[in-house]
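The structure appears right after this line, and notes come after that.
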Amino acid sequence: MSLDCDLTVLEELTSNAKQIQDDVLTKILKANANTEYLGRFLQGSADKELFKKNVPVVSYEDLKPYLDRVANGEPSDVISGEPITASGTSSGNQKIFPANNIFFKNIHIFYTLGYLVMSKHFDGYKQGKVIRFTFIHPTSTTPCGLPLAPTVTSFTKSEFFRSLPKNSPSPYQIMLCPDAKQSMYCQLLCGLVQRDEVVSVGAVFASVLVQVIHFLENYWKELASNIRCGHVSEWITDLSCRDTVTTILVEPNPELADLIENECRQESLQGIVSRLWPKAKCIDAIFTGSMAQYIPALEFYSNKLPLVSKSYASSEAFFGLNLEPLSKHVSYTFLPNMSYFEFIDVDGGTEGEIVDLVNVKLGHHYEPLVTNFSGLHRCRVGDVLQVTGFYNMAPQFRFVRRKNAALSALARATLVLESSDLVIMGFTCYADISTVPGHYVFYLELKSKFNNNNSTNVLSLDNKVLVECCCVMEESLNSFYRLFRSKNGSIGALEISVVQEGTFGSLMEFFVSRGASITQYKTPICINSAEALKVLEDKVLARFFSDKSPPYLILA
Ligand code: AMP
């Protein structure tokens, strides 16, 4: 798709959502009907009804043995009709997803449309510069030599990335620097030098932007000094980065250096983003889902510039764009050309029903299933979304939560506790940002398997076991968590707070007193009301913290 295209493309896509989804499925089935995987269910047929009848809904783990075989050198057609040319990695423990040029082409279309939406809503966006802090991760290879990297990295390195609008103050060579610290420093330097042109400041996820601002707090003096003398610091040793920065930092600029120093040395960093980039009209990063916790911080740093959550995407597929970037109620409109999408209803009455993209019902909650061009068929994504409306025929979804991220951590903890004969009676978690850095607290109600009749109700808690529990929980959290915990130290040690027996009963009473139905009551996986938190905090028996950083493998 050319950048000269306009938003009529979006109108066409969304108006013809049903036909486009049909065509996408036909294309995928024709290309994949003879793979070993689909062949098992379709015997070479590309019939859509047969696909829905015979092909099972799967999770990543079900497909992993096939993907591992390709990674180990068997031909792509074990699972994909198109040659698998790269592998993306995704959340949680390192997962390998197949990718190919169709996938990257789709990402390119997605970004182009996102750019057009932003241009429509923000005056001067097309003419201005857009800071989007982007970092790549070193690419490794699978045993058979397929490049293996997080999806954003693979895309950033691809030719498709280079044909996107060149509106970043940092040339892409800087984003390609494998050393994140050098890259971050140089991206900030380029952004500061061109501050008067910058119309938007962002990163893919809000958490990343918060890290960049912390980095700025530590490096502003050096950045100003580089700008003052027109030379980049000696520790920027990546040659490509160095050479490229030199083309931006062409001459000494003492006035700009003074200005940066004046702004950054003030007592508070409140509004620092809008003070350094006075023409910025928005902060562009994902603020929905688990990223909502960074809203207060970024409102503070930006003096309440609009926080724009532009898109919803994953390594399985790119899903949808936020067509109303200035609205406080963020919804993503699914693009029917990205992949074939189905939805499992996760609401009480209709639970389990699978519907097509255009048949989702307003207000219902769904987990998306992806059938894509690179070998995933009816694969669960693990997110829960709610339908908020339709744009033409394409549904719009609010991101509700990631399914089971905390629950999979809990599953690991359960194993450790069981070996000490402890059973979990209740569980919930809370993101505590009152500490610096913030950290996660997991409230557990524990019961000994063997002292049920212990009238004194004293639970024997072994410090070693509970600390171990904290560590295994951290290991099973996603790659962003592990990165920020291990490398940047910007998430504190995970805490387990063991609460008295009966606490989760009190929690239920609390919610019931607020109108929850007892029959349908489910303990919230995460607590976000101060009163509910107090119910838990009043009953804490003991607190434990992980004593080491989780291994960090790959930045998704
Ligand atoms: P990954 O495959 O590692 O890129 O992670 C994809 C996951 O990130 C999705 O399945 C979501 O759980 C989360 N995610 C992506 N975009 C958004 C968004 N706009 N809002 C909330 N969560 C998101």
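For clarity, every value in this text was computed on a predicted model and none was experimentally measured. Order of appearance sets the numbers: ligands from 1, and atoms from 1 within every ligand.
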Give a yes/no on ligand 1: does [X] have at least one heavy atom closer than 4.0 angstrom to it?
| X | answer |
| --- | --- |
| Gly382 | no |
| Asp383 | yes |
| Tyr332 | yes |

Review point. Can you tell which part of Ser309 has a heavy atom less than 4.0 Å from ligand 1: side chain, backbone, both or neither?
Key: neither
Check your understanding: Is the shortest side-chain N to carboxylate O distance from Glu474 to Arg482 below 4.0 Å?
Key ->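 So Glu474 does not pair with Arg482 through a salt bridge.
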Exercise for review: Name the option, out of Phe318, Tyr312, Phe287, that contains the heavy atom nearest to atom 16 (N) of ligand 1.
Suggested key: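 Among Phe318, Tyr312, Phe287, the closest heavy atom to atom 16 (N) of ligand 1 comes from Tyr312.
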Review point. Backbone or side chain, does any N or O of Glu316 fall under 3.5 Å from an N or O of ligand 1?
Key: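 No, Glu316 has no N/O under 3.5 Å of an N/O on ligand 1.
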Review point. Can the ring centres of Phe334 and Phe397 be said to be less than 6.0 Å apart?
Key: yes
Exercise for review: Check side-chain contact (heavy atoms from CB on, under 4.5 Å) between Glu495 and all other residues, then give those that pass, not counting sequence neighbours.
Suggested key: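 Glu495: side-chain contact (heavy atoms from CB on, under 4.5 Å) contacts with His439, Val441, Ser497, Arg543, Phe545.
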**Study point:** Any residue meeting salt bridge (Lys or Arg N to Asp or Glu O under 4.0 Å) with Lys52, in chain and number order, not counting sequence neighbours
**Key:**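 Scan of Lys52 (salt bridge (Lys or Arg N to Asp or Glu O under 4.0 Å), adjacent residues dropped) gives Asp356.
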Exercise for review: Supply the atom-to-atom distance Asn337 CG to Leu13 CG, rounded to the nearest 0.5 angstrom.
Suggested key: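 Taking CG in Asn337 and CG in Leu13, the distance rounds to 4.5 Å.
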Point to revise | Whether Tyr172 and Phe161 hold their rings parallel, tilted or perpendicular, with breakpoints at 30° and 60° | key: perpendicular
Point to revise | Contacting atoms of ligand 1, where contact means under 4.0 angstrom from a heavy atom of Thr288 | key: 18 (C), 19 (N), 20 (N), 21 (C)
